[in-house]
Participant: 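Next up is a structure, given as structure tokens.
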4 protein chains.
Amino acid sequence: MTDAVSIPAVAGSGPGVPKTARGERTRARILKAAEETFGSLGYHRAGIADITRAAGVASGTFYTYFVSKEQTLRELVQEMGRRLRAHLERETADAQDRLESEEMGLRAFLQYLRDNPALYRVLQEAQFVDESIYRSYYESFGERYIRMLAGASDRGEIRPGNDEVRVWALMGISNFLGLRYALWEKEMHFDEIVATVSDLLRNGLASAGAREKR
Amino acid sequence: MTDAVSIPAVAGSGPGVPKTARGERTRARILKAAEETFGSLGYHRAGIADITRAAGVASGTFYTYFVSKEQTLRELVQEMGRRLRAHLERETADAQDRLESEEMGLRAFLQYLRDNPALYRVLQEAQFVDESIYRSYYESFGERYIRMLAGASDRGEIRPGNDEVRVWALMGISNFLGLRYALWEKEMHFDEIVATVSDLLRNGLASAGAREKR
Amino acid sequence: MTDAVSIPAVAGSGPGVPKTARGERTRARILKAAEETFGSLGYHRAGIADITRAAGVASGTFYTYFVSKEQTLRELVQEMGRRLRAHLERETADAQDRLESEEMGLRAFLQYLRDNPALYRVLQEAQFVDESIYRSYYESFGERYIRMLAGASDRGEIRPGNDEVRVWALMGISNFLGLRYALWEKEMHFDEIVATVSDLLRNGLASAGAREKR
Amino acid sequence: MTDAVSIPAVAGSGPGVPKTARGERTRARILKAAEETFGSLGYHRAGIADITRAAGVASGTFYTYFVSKEQTLRELVQEMGRRLRAHLERETADAQDRLESEEMGLRAFLQYLRDNPALYRVLQEAQFVDESIYRSYYESFGERYIRMLAGASDRGEIRPGNDEVRVWALMGISNFLGLRYALWEKEMHFDEIVATVSDLLRNGLASAGAREKR
DNA sequence: AATGAATGAGCTTTCATTCAT
DNA sequence: AATGAATGAAAGCTCATTCAT
């Protein structure tokens, strides 16, 4: 967070950081077009030509601001991660406790994904182009998440447990529900989804009668 | 195995279905090599030449048995799905109830993934090559799963709820934990993971005091 | 010389050494076409497409046998050097002494260059693509040459002197005369050229009266 | 210097001949940078951007003073040739006779090349970019040289002979010795080189006993 | 005059697929 | 059935040059 101010992200890694406002605009247009194109065609099917066409610039212009297709994907993943994180923080700011925060976070995530479907595809494809960026995406996500669970655990809001494992479980839940209900079939109301997960987190899956053991 | 008869168009597809035992062996060698190669290099980086080299045959031989690289991926996903399902069914056969089945299933999945890391990558990459095969993989998986939850619900083993949503949540949990602990870092004992998830499913995430609401 | 038998030159560095006679023929056709194309258009202006067109094969076929344009240039220089050396050895075999050998060698070189004009251009351009190959071309040439002068010096055929310097001077003479009279303007009879150089080598440039000093 | 007036079309070519002193300076800076860049990277590897970066100006500024990369090379060759010729004339001014002039000229050439290594590369590469400029470089050089030999011949300083051939032989000697001892390996003292060539020119290569014939 | 963004033709290289043997 | 050579479309990328400011 602190470095978000002093370091202009990884943006400075391009062959030429734009020096004029016009250049800045063009660079942004291309990055946006890359997001759309990767999102719709997929990273591998998307050619530089597709991106520049979508951006309305000549193909060579891409290389005025980006070193390579792959490097652009990296930058995109980081930027999209930043945006998502900012969205989630904003949307969960009013939560009274962890459980409520989980509910608000899940709903916010589903909405965000429905509005930004490219996020999912770009992220998933990045996984096999450069695993490290994908890992760092989830690990940076996970670390904060773990701290939040630990805090909630200390405050007695949630049961003690292995927070790392629980965090990855929770991220898995969001991820799959997002894929299924925010990207594939959008017929189910998010309230229903959130309520179901909420029940799972508040009461578990087991019926009261099956709750003993371990 | 039985469906290999009913869906021959997909399972045994290829310009020439092998008629000799030797041909059968060659085809199997190539498919195995494709699995390994897709698993290690990834679908896009893997070339037909890499596959045939790994299989120990000439590059042209690939097309004696397979229509295309993409079609091969499809076949692979189906076969890998079948194998995984068979494994899980075998490993959860002795479960006394749904919760126990969940525990055994998760452990079995983690083990399987650790032993067959290619499964994850092949499946994930297939998602963007042909979404339909990926969806049908999870949907066919999900349908059985939903029926199981419904049965357990009827038997009073688990709380009533939206089974479809719960199934996708559960699949998300397995998937992420598998990626994190069976593929990336293998330092955590599966017992710990299963216990944590088990606690979540049996008692929820919330502490007893925070359990009211809805 | 000895390795010319056991090691198939640098030819084996291509992506695929041809395994069939047909492949052997194609590879040779491409290399020949590369020589012609580099010779006429020059290394930089010559595209792979020019080469393959001249060879009568598809553009991709080039990469069946060669790793890159640059690597091909390297191989070409080595092969052309070998051929020239073989030619000179053949043509100077009957020389009675060093001076006669110089005459026969110069004439043979001029003739060879006139018949193989590509040699000059390919070699000169290679100099700036990969200096090492150019240096090794001349140095391997020079080493033999030095030994010959040393032998002649021992036998009293030539004046004692710094053989290395003399060799480079002699190579410079051939080179420039070749460029001027075998490539640019072919109007002068080689006899005249050889006679002039011969006089220079036998009697020096200075008139008898100016011959003292040092 | 004087011909800068008579051949303005070539020497001062450019879309806009600089009118201000500042423009003059910029143009000179770019030309100097071109020399350095062509010399170090080579004509083909050197991009306009490399040149302007070295000159400390924006890339577009190049075209304020030069028509094209190729045209710049041409101008450079001419200028470098002029400078070399001026240097040689200065350094050989005190020579008493032709032989001494050859010695002083060779030494001066070696020194000049060692101090201006770009000369060699720029010249050699120009050869295949525009043969005519290369030819005219050597031919203009050669013509003066021939006249000098003819004069020396008339004065009885050197043996009569085909001066054109001898001139090209002499230029070849300088060229190769320069490459070998002023650019590649600088370990040998120029005195030794000059002495060796001097002996060759004064007494020939042949020992006294082998001097008959023709 | 000077800047730096923008252009787009052209290049080398890859590789799934087909063909000839 | 099997081989490996041959294909050619397409991709990513470069860079001399032009344009807008």
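For the numbers below, each heavy atom of this structure counts, side chains included, while hydrogens, waters and symmetry mates do not. Since this is a predicted model, take the numbers as computed values, not measurements. Each chain gets a letter, A, B and so on, in the order the sequences are listed, and its residues count up from 1.
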Participant: Between B/Q78 and B/E75, is any side-chain donor less than 3.5 angstrom from a side-chain acceptor?
Facilitator: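 No.
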Participant: With DNA chain F as reference, determine whether D/G47 or B/S59 sits nearer its 5' end, using the nearest nucleotide of each.
Facilitator: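 Residue closer to the 5' terminus by nearest nucleotide: B/S59.
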Participant: Over how many whole Å does the gap from C/F62 atom CZ to E/dC15 atom P extend?
Facilitator: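 My rounded result for the distance is 17 Å.
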Participant: Using a heavy-atom cut-off of under 4.0 Å over every strand shown, decide if A/A46 touches base, sugar-phosphate, or nothing.
Facilitator: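 Result for A/A46 = sugar-phosphate.
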Participant: Under 3.5 Å, is there a donor-acceptor pair between the side chain of C/K32 and the main chain of C/A55?
Facilitator: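 No; zero donor-acceptor contacts below 3.5 Å.
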Participant: If I take atom CZ in residue A/R53 and atom C1' in nucleotide F/dG12, what distance separates them, rounded to the nearest angstrom?
Facilitator: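 After rounding, the gap between these two atoms is 14 Å.
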Participant: Rounded off to whole Å, could you give me the CD1-to-P distance for the A/I48 and F/dA10 pair?
Facilitator: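 It is 17 Å, rounded to the nearest whole Å.
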Participant: Can you tell me how far OH of A/Y63 sits from NZ of A/K69, rounded to the nearest 0.5 angstrom?
Facilitator: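 Rounded to the nearest 0.5 Å, the NZ-OH separation comes out at 8.5 Å.
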Participant: Give A/G60 one of three labels, base, sugar-phosphate or nothing, depending on what nucleic acid heavy atoms sit under 4.0 Å from its own.
Facilitator: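 Since a base atom lies under 4.0 Å of A/G60, the category is base.
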Participant: Across the strands shown, which category fits C/T26 at heavy-atom distances under 4.0 angstrom: base, sugar-phosphate, nothing?
Facilitator: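 The answer is sugar-phosphate, as C/T26 gets under 4.0 Å only of primed atoms, P, OP1 or OP2.
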Participant: Measure from the side chain of A/K19, starting at C-beta and using heavy atoms only, and say which of E/dT3, E/dA2, E/dG4 lies closest.
Facilitator: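 Output: E/dG4.
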Participant: In whole angstrom, give the distance that lies between atom NE2 of C/H44 and atom P of F/dT14.
Facilitator: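 My rounded result for the distance is 16 Å.
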Participant: Does any nucleotide pair with F/dA5 by Watson-Crick or G-U wobble geometry, both distances under 3.5 Å, and what is it?
Facilitator: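 F/dA5 is paired with E/dT18.
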Participant: On DNA chain E, compare the nucleotides closest to B/E70 and A/T61; which residue's is nearer the 5' end?
Facilitator: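 It is A/T61, whose closest nucleotide lies nearer the 5' terminus.
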Participant: Would you mind reporting whether D/I30 and D/T52 have side-chain heavy atoms less than 4.5 Å apart?
Facilitator: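 No, side chains not in contact.
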Participant: Separation of A/R45 atom CZ from F/dG12 atom P, in whole Å?
Facilitator: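 After rounding, the gap between these two atoms is 13 Å.
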Participant: Starting the side chain at C-beta, find the nucleotide from E/dA5, F/dT7, E/dT17 nearest to C/V57.
Facilitator: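 Given the options E/dA5, F/dT7, E/dT17, the side chain of C/V57 is closest to F/dT7.
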Participant: Would you mind classifying the nucleic acid contact of A/T20 as base, sugar-phosphate or nothing, using non-hydrogen atoms under 4.0 angstrom?
Facilitator: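 Contact class for A/T20: sugar-phosphate only.
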Participant: Please state how far atom CZ in C/R27 lies from atom C1' in F/dG4, giving the value in whole angstrom units.
Facilitator: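 Taking CZ of C/R27 and C1' of F/dG4, I get 16 Å after rounding.
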Participant: Respond yes when some side-chain nitrogen or oxygen of A/R22 is under 4.0 Å from OP1 or OP2 of F/dA20, and no when none is.
Facilitator: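 Checking F/dA20 against A/R22, no side-chain N or O comes under 4.0 Å of OP1 or OP2.
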Participant: Which of parallel (below 30°), tilted (30 to 60°) and perpendicular (above 60°) describes B/H44 and A/H44?
Facilitator: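 Ring orientation of B/H44 relative to A/H44: parallel.
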Participant: Using a distance-only test with no angle check, is there a side-chain donor-acceptor pair under 3.5 angstrom linking B/Q124 and B/R121?
Facilitator: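 Side chains of B/Q124 and B/R121: no pair found under 3.5 Å.
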Participant: Searching all strands shown, indicate the nucleotide that pairs with F/dA10 (Watson-Crick or G-U wobble; both distances under 3.5 Å).
Facilitator: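 By the stated definition (distances under 3.5 Å), E/dT13 pairs with F/dA10.
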Participant: Counting only side-chain nitrogens and oxygens, does B/T64 get under 4.0 Å of the OP1 or OP2 atom of F/dA2?
Facilitator: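 For F/dA2, OP1/OP2 do not have a side-chain N/O of B/T64 under 4.0 Å.
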Participant: I need the CZ-C1' distance between D/R29 and E/dA1, as an integer number of Å.
Facilitator: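 D/R29 atom CZ is separated from E/dA1 atom C1' by 12 Å.
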Participant: Expressed in angstrom and rounded to an integer, what is the separation of B/D50 atom CG from E/dT14 atom P?
Facilitator: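 Computing the B/D50:CG to E/dT14:P distance gives 13 Å.
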Participant: Look at D/Y63 and E/dT3 and indicate whether a side-chain polar atom (N or O) is within less than 4.0 Å of OP1 or OP2.
Facilitator: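 Answer no for this pair, as no side-chain N or O of D/Y63 is under 4.0 Å from OP1 or OP2.
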